[in-house]
Amino acid sequence: MPELPEVETVRRGLALKLEGRRLVRVQQNRPDLRFPLPANFVRRLEGRRVAAVKRRAKYLLIEMDDETVLLVHLGMSGRMLVSRREGAIAEPHDHVVLETDDGWVVRFNDARRFGLMDLADRDTVADHPLLAGLGPEPLEPEFNGPGLAAALAGRSTNLKAALLDQRIVAGLGNIYVSESLYRARLSPRRRAGTVSGSRANQLVAAIKSVLEEAVEAGGSSLRDYVQTSGELGYFQHRWAVYDREGQACPDCDCNFKRTGGVRRIVQGGRSTFYCPGRQR
DNA sequence: CGGCAAACCTGCGAGC
DNA sequence: TGCTCGCAGGTTTGCC
């Protein structure tokens, strides 16, 4: 999916179109996404003005003027497509459609339906079951070397799996874990508990720099992901290891002929990409 | 606790 | 051209 940089890109696009606008029409095209939509979903949103569009980890939090919060997760294939009302064409898998008082249409489109929406209250949304257990925001100062080391201490699971665990740090997914570990020169196979001190500091710095650059580039993009505007993100062109099996890594001083370049392994049923010459 | 597989669901590209 | 297979950015659950 959309990992943190993609969700942040979507958040910015939605904020430009939605903040301060009234939702004059809300259309719900099916009773459920990953979970059933809450009771009175349409009635609780229609006519409300959007106060703010925020983000926590990979969740979008769209706050209304009555303190209702529309919680959105894009899952693997979820998109928020923005267009003018007069040009809007309904497409398959448009599950929820929002229309603003100044003529914009936002369509939540999610073929695989791993995404979700729920309604919460502003003052208690942090305690929502989906948000309560999340770890620190990786781009905030609260995410730092000592804190990460403490969270990893004693864990025998591999470092890849630990960084995908949203309780350790919230917002990384399969692409940016591989990219961060490459930048930190740490092997995805290393035991998580062995990362402390300067290694933890380096890993935190790597995660922050990868995510910051990706946000700046407007996220990555695969075939089924577009930004709110419909344009593609550019970070995919900067992947060092993700989806680059067999190729030389960009900083290659690691004897390509011996290592065979970027290696793909499967951990927890998901692909991991790394350079065995650089990452230990 | 840990590791793994399966589950949720659809689409797409590769290979035959 | 058309079929089957494997794989895909996420997260949870259940089993050993």
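Throughout, protein chains are lettered first and strands after them, A, B, ... in sequence-line order, and every chain is numbered starting at 1. As the structure is a computational prediction, the values presented were derived from the model and not from experiment.
- Comparing the P positions of dA5(B) and dG6(C) gives an interatomic distance of 15 Å, to the nearest angstrom.
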Quiz item: How is the base pairing of DNA chain C summarised as a dot-bracket string, given the Watson-Crick and G-U wobble criteria with both distances under 3.5 Å, [ ] for crossing and | for another strand?
Solution: .|||||||.|||||||
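- Residue H93(A) places at least one side-chain N or O closer than 4.0 Å to OP1 or OP2 of dG11(B).
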Write out a two-atom table: protein N or O, nucleotide N or O from nucleotides 2-6 of chain B, distance below 3.5 Å.
unit_1, atom_1, unit_2, atom_2, d
dG3(B), OP1, S156(A), O, 2.8
dG3(B), OP1, T157(A), N, 3.3
dG3(B), OP2, T157(A), OG1, 2.2

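- Partners of D94(A) by side chain to side chain donor-acceptor pair (under 3.5 Å), not counting sequence neighbours, listed by chain and number: R107(A), N109(A).
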Let me have the donor-acceptor pairs involving side chains of residues 200-208 of chain A, under 3.5 Å, with sequence neighbours excluded, atom names and distances please.
unit_1, atom_1, unit_2, atom_2, d
K208(A), NZ, P138(A), O, 2.9
K208(A), NZ, E140(A), O, 2.9
K208(A), NZ, F143(A), O, 3.1

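- One C1' atom belongs to dT10(B), the other to dT1(C), and the distance between them is 22 Å to the nearest Å.
- Residues passing the salt bridge (Lys or Arg N to Asp or Glu O under 4.0 Å) test with R258(A), sequence neighbours excluded: none.
- By the side chain to side chain donor-acceptor pair (under 3.5 Å) test, R189(A) pairs with Y274(A), sequence neighbours left out.
- Interface remark: the R112(A) side chain does form a donor-acceptor pair with the dC9(B) base, using a distance-only criterion of under 3.5 Å.
- For the OP1/OP2 pair of dT10(B) and a distance below 4.0 Å, the side-chain nitrogens and oxygens of R113(A) include at least one atom meeting the criterion.
- The same atom, C1', is picked in dG2(C) and in dC9(B); the two are 23 Å apart, to the nearest Å.
- Judged by the 6.0 Å distance and 45° axis criteria, R21(A) is not positioned over the aromatic ring of W104(A).
- OP1 and OP2 of dG10(C) both lie 4.0 Å or more from every side-chain N or O belonging to Q166(A).
- Distances shorter than 4.0 Å separate some side-chain N or O of S271(A) from OP1 or OP2 on dA8(C).
- Judged by distance alone, with hydrogens and angles left aside, R270(A) brings no side-chain donor or acceptor close enough to the base of dA8(C) to form a pair under 3.5 Å.
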